[in-house]
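To start, the structure under review is shown below, and the notes come after it.
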Amino acid sequence: MALRQPAVSRPPLGLLWLLLCLVALLSLLPSLRLLVSALFDWQQGSNSSLWRVLSNETTWIALRNSLYTSGLGTLLSLLLGSLFAFCLALTNIRGRQIWVFLFMLPMMIPPQVTALSWLQLFGPGSILLNSLGIAPGFGSPNPLYSPEGIALLLGIQHAPLVFLALRTQLQCLPKEQIEAARLNGASLWRVLWDIVLPLCRTALWAGAAIAFVSALGNFGIPAMLGIPISYFVLPIQIYQTLSSFGPSMLNDVAALSVLMGVLAIGIVMLQGYFQRRHALPLIGMAGRALGFELGKWRLATELLLGAVLCAILLAPLLALIATSLVPTLGVPLNADTVTFSAWRAIFDEQSVAWRALTNSVTLSVGAALSLMLLCLPLAWLLVRYPSRLLRWLYSIIDIPYTLPGVVLAIAFILLFARPLPLVGISLSGTLTLIFLAYLARFLTVCLKPVHSSMLQLDPAMEEAASLAGANFSQRLRHIVLPLLAPAAFAGALLVFLTAVNELTVSALLWSAGKETLGVVIFNLDESGDKVLASAISVLIVALVACVMLLLSGLSRYLPKGVIPWQS
């Protein structure tokens with residue numbers, strides 16, 4: 001006799017409609033506002049902004065530049081991400097978790113900090129090279145001010161995305177079949193070429209698509225390396241158009257944003273189509289490494305990985321630290337020239353750096369706490385009361401994160417261009433507008449860990465409490481929330497980690513006195529104060545590393561996959 005399934009009670013309607021309204025406001029309304037603006041403008045025919053944008057040669061130049069730098073950067077991301085994924089997931093290399101942590105660090109560092117660190121590493125003005133006496137001659141061009149320099153840093157910044165997509169697939173490879181091939185005499189290279197690569201084809205496509213879309217929407221690196229040489233990609237074209245001509249060009253900027261959003265979403269959809277069409281379900285044990293024996297090549301492999309990490313992480317960071325300790329550019333770092341004046345300037349309560357630090361910490365902590373409180377009941381509803389409406393709700397939450405940051409910023413500018421109805425308050429140029437944009441963009445970042453943890457909770461405890469007379473509030477407060485607290489805290493830390501150094505969204509939303517750390521670094525670099533910009537960047541890197549270490553320590557209390565760099 002079949003067991004009778006317990007009856008599913010109706011969700012609290014007040015909570016359901018409150019969450020629906022909040023998610024619609026954050027995830028759906030900005031995108032709809034941008035789409036409505038584009039469609040309304042498109043109906044005007046040859047007088048429309050979309051027509052002017054498409055007929056403008058600079059649009060196609062920016063699009064071509066975007067495709068070139070993003071495509072070249074994606075190839076480099078595939079090379080680096082695949083190298084580390086294969087070595088760390090398939091071989092008997094030592095200290096896997098340390099290697100993974102260090103390789104993931106560049107992705108967590110803000111793009112503008114990555115660009116600034118590499119700029120301080122090369123060129124005649126490099127403090128580190130001058131101190132070592134190997135700097136190029138005065139007047140020599142910095143090789144990073146080029147399309148290839150932009151592509152290089154985009155590739156390094158987004159290589160961990162390829163690594164994450166590929167490592168998950170490699171951990172599920174059918175171990176028995178691969179061992180059978182090795183027993184039949186197949187070499188390691190033959191196994192990689194004939195078995196591993198075909199089975200990981202969809203993961204490589206997924207990693208490449210994510211890296212390409214991320215590179216397409218990256219603002220910090222193309223801004224700091226491209227603007228000085230007038231090399232504009234689509235995000236920079238949007239930024240320059242809005243900065244130079246102001247609100248009068250808002251329709252043109254919206255049209256550019258729609259073009260960029262369609263391109264990004266089209267790539268994601270194309271990747272999803274290929275992934276479904278060529279999917280190969282794997283039957284291996286998740287998280288179980290194959291452990292190919294490298295033998296005498298193990299030390300050489302570890303030295304190779306160490307050299308790559310030194311080149312992409314340690315050397316630029318050392319150059320950044322050296323620049324933050326001199327009075328001005330061009331002065332070599334030694335015992336006579338070392339100074340902490342830039343560091344003292346950061347914590348001067350009257351400085352723009354202190355104001356930006358306060359703004360960024362306030363925004364990121366506020367967004368992390370708000371999203372944590374929102375995601376706890378939202379994840380509970382999504383898991384306990386599955387329905388078509390809630391599945392639709394869950395899918396639209398990803399939209400603001402999929403869109404490039406500048407596109408989301410333009411959507412919020414359009415949505416809040418006029419004062420709020422009834423109250424008549426304008427949000428333009430306020431921290432509140434940046435805060436709302438952060439909530440929309442990072443909602444999915446906080447929800448994923450909480451949702452994964454909620455899926456593993458046995459509903460029997462809630463059913464027993466309900467039979468004992470506990471109401472909805474008591475069940476949520478005494479059972480669900482304590483069990484979900486570690487995942488919610490991890491999600492909040494991930495939001496803080498990404499929001500505290502954000503630039504792509506806030507670059508178009510900030511105003512005087514409302515700067516964030518990312519905006520200040522970008523503005524200081526443009527104005528020539530690279531010493532203070534380097535000191536702020538070193539502070540951000542230290543903050544990012546500390547939060548990542550805190551998350552790593554929390555991993556034992558969390559479901560697998562919640563923290564990206566943990567197995």
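Listed by chain and residue number, F219, Y239 satisfy the ring pair (Phe, Tyr, Trp, His ring centres under 6.0 Å) test with F522 (two or more places apart in sequence, or in another chain). By the salt bridge (charged side-chain N to carboxylate O under 4.0 Å, His left out) test, D525 is found to be paired with K530, residues two or more places apart in sequence or in another chain being considered. For the salt bridge (charged side-chain N to carboxylate O under 4.0 Å, His left out) test, residues two or more places apart in sequence or in another chain that qualify with D398 are K448. Listed by chain and number, the residues in a ring pair (Phe, Tyr, Trp, His ring centres under 6.0 Å) with F212 amount to none (sequence neighbours excluded).
Among all heavy-atom pairs drawn from A367 and Y438, the shortest one is CB-CB, 4.2 Å. Shortest non-hydrogen contact noted between S370 and G366 is OG-O, 2.8 Å. Residues I536 and I346 come closest through the heavy atom pair N-CD1, 3.8 Å. Nearest heavy atom pair, residue P111 against residue I221, reads O-CG1, 3.4 Å. Between L116 and S534, the shortest heavy-atom contact is CD2-N, 3.8 Å. Residues L443 and C375 come closest through the heavy atom pair CD1-SG, 3.7 Å.
For the pair W99 (side chain) and R94 (backbone), a donor-acceptor distance under 3.5 Å is present. Side chain of W118 to main chain of A115: no donor-acceptor pair is present (N/O by atom type, distance under 3.5 Å, no hydrogens or angles). Remark: the backbone N or O of L79 is not paired with any side-chain donor or acceptor of S82 at under 3.5 angstrom. E502 places a side-chain N or O within donor-acceptor distance of the main-chain N or O of V505, the cut-off being under 3.5 Å. A donor-acceptor distance shorter than 3.5 angstrom exists from the side chain of N359 to the backbone of E515, with no hydrogens or angles considered. A donor-acceptor pair is defined here as one N or O able to donate and one able to accept, closer than 3.5 Å; no such pair exists between the side chain of R167 and the backbone of A85. In terms of modelled atom types and a separation under 3.5 Å, the side chain of R441 and the main chain of P400 share a donor-acceptor contact. Put simply, the side chain of T498 gets close to the backbone of L494: a donor and an acceptor are under 3.5 Å apart.
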Which pairs of donor and acceptor atoms, one on a side chain in residues 313-326, lie under 3.5 Å apart (sequence neighbours left out)?
{"unit_1": "T323", "atom_1": "OG1", "unit_2": "Q120", "atom_2": "OE1", "d": "3.3"}
{"unit_1": "T323", "atom_1": "OG1", "unit_2": "A319", "atom_2": "O", "d": "2.8"}
{"unit_1": "S324", "atom_1": "OG", "unit_2": "I321", "atom_2": "O", "d": "2.7"}
{"unit_1": "S324", "atom_1": "OG", "unit_2": "W343", "atom_2": "NE1", "d": "3.4"}

Only pairs under 3.5 Å count here: list side-chain donor-acceptor contacts from residues 154-161, not counting sequence neighbours, and write none if there are none.
{"unit_1": "Q157", "atom_1": "OE1", "unit_2": "T114", "atom_2": "OG1", "d": "2.9"}
{"unit_1": "Q157", "atom_1": "NE2", "unit_2": "P106", "atom_2": "O", "d": "3.2"}
{"unit_1": "Q157", "atom_1": "NE2", "unit_2": "I109", "atom_2": "O", "d": "2.8"}
{"unit_1": "H158", "atom_1": "ND1", "unit_2": "L154", "atom_2": "O", "d": "3.1"}

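Between W380 and L376 the shortest side-chain heavy-atom distance does not fall below 4.5 Å. Put simply, the side chain of T91 does not reach to within 4.5 Å of the side chain of R298, judged on heavy atoms. For the pair L309/F84, a side-chain contact is recorded, criterion being any heavy-atom separation below 4.5 Å from C-beta on. Proximity of V100 to L88: side-chain heavy atoms (C-beta onward) are separated by under 4.5 Å at one or more points. Taking 4.5 Å as the limit, every side-chain heavy atom of L431 sits out of range of all side-chain heavy atoms of W510. Here the side chains of W354 and L357 are in contact, with some heavy-atom distance below 4.5 Å. L403 is listed as a side-chain neighbour of I399, based on a closest heavy-atom distance under 4.5 Å. Contact check for L28 versus V23: no side-chain heavy atoms found under the 4.5 Å cut-off.
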Run the numbers on L83 and L305 for side chain to side chain contact (heavy atoms under 4.5 Å, CB included), then give the verdict. CA-CA 9 Å; L83 170 67; L305 298 185; 4.1 Å; yes
L524/V531 under side chain to side chain contact (heavy atoms under 4.5 Å, CB included): CA gap, chis, key distance, verdict: CA-CA 9 Å; L524 287 173; V531 176; over 6 Å; no
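With rounding to the nearest 0.5 angstrom, the CG atom of N218 is 9.0 Å from the OG1 atom of T69. One distance of note links OG of S364 with CG of L517; it measures 8.5 Å at 0.5 Å rounding. Note that CG of L374 is 8.0 Å distant from CG of L447, once rounded to the nearest 0.5 Å. Note that CE of M104 and CE of M548 are 6.5 Å apart. Values are rounded to the nearest 0.5 Å. With rounding to the nearest 0.5 angstrom, the OG1 atom of T362 is 11.5 Å from the CD1 atom of I434. How far CG of L497 is from CG of L543: 8.0 Å, rounded to the nearest 0.5 Å.
Counted within 6.0 Å of CG on L303, heavy atoms from surrounding residues, nucleotides or ligands total more than 12; the atom is thus considered enclosed. Within 6.0 Å of atom CZ in F435, more than 12 heavy atoms from other residues, nucleotides or ligands are found, so the atom counts as buried in its surroundings.
Ring planes of F103 and F163: perpendicular class, angle over 60° (limits at 30 and 60°).
One side chain, S506 or T516, offers a donor N or O that lies under 3.5 Å from an acceptor on the other.
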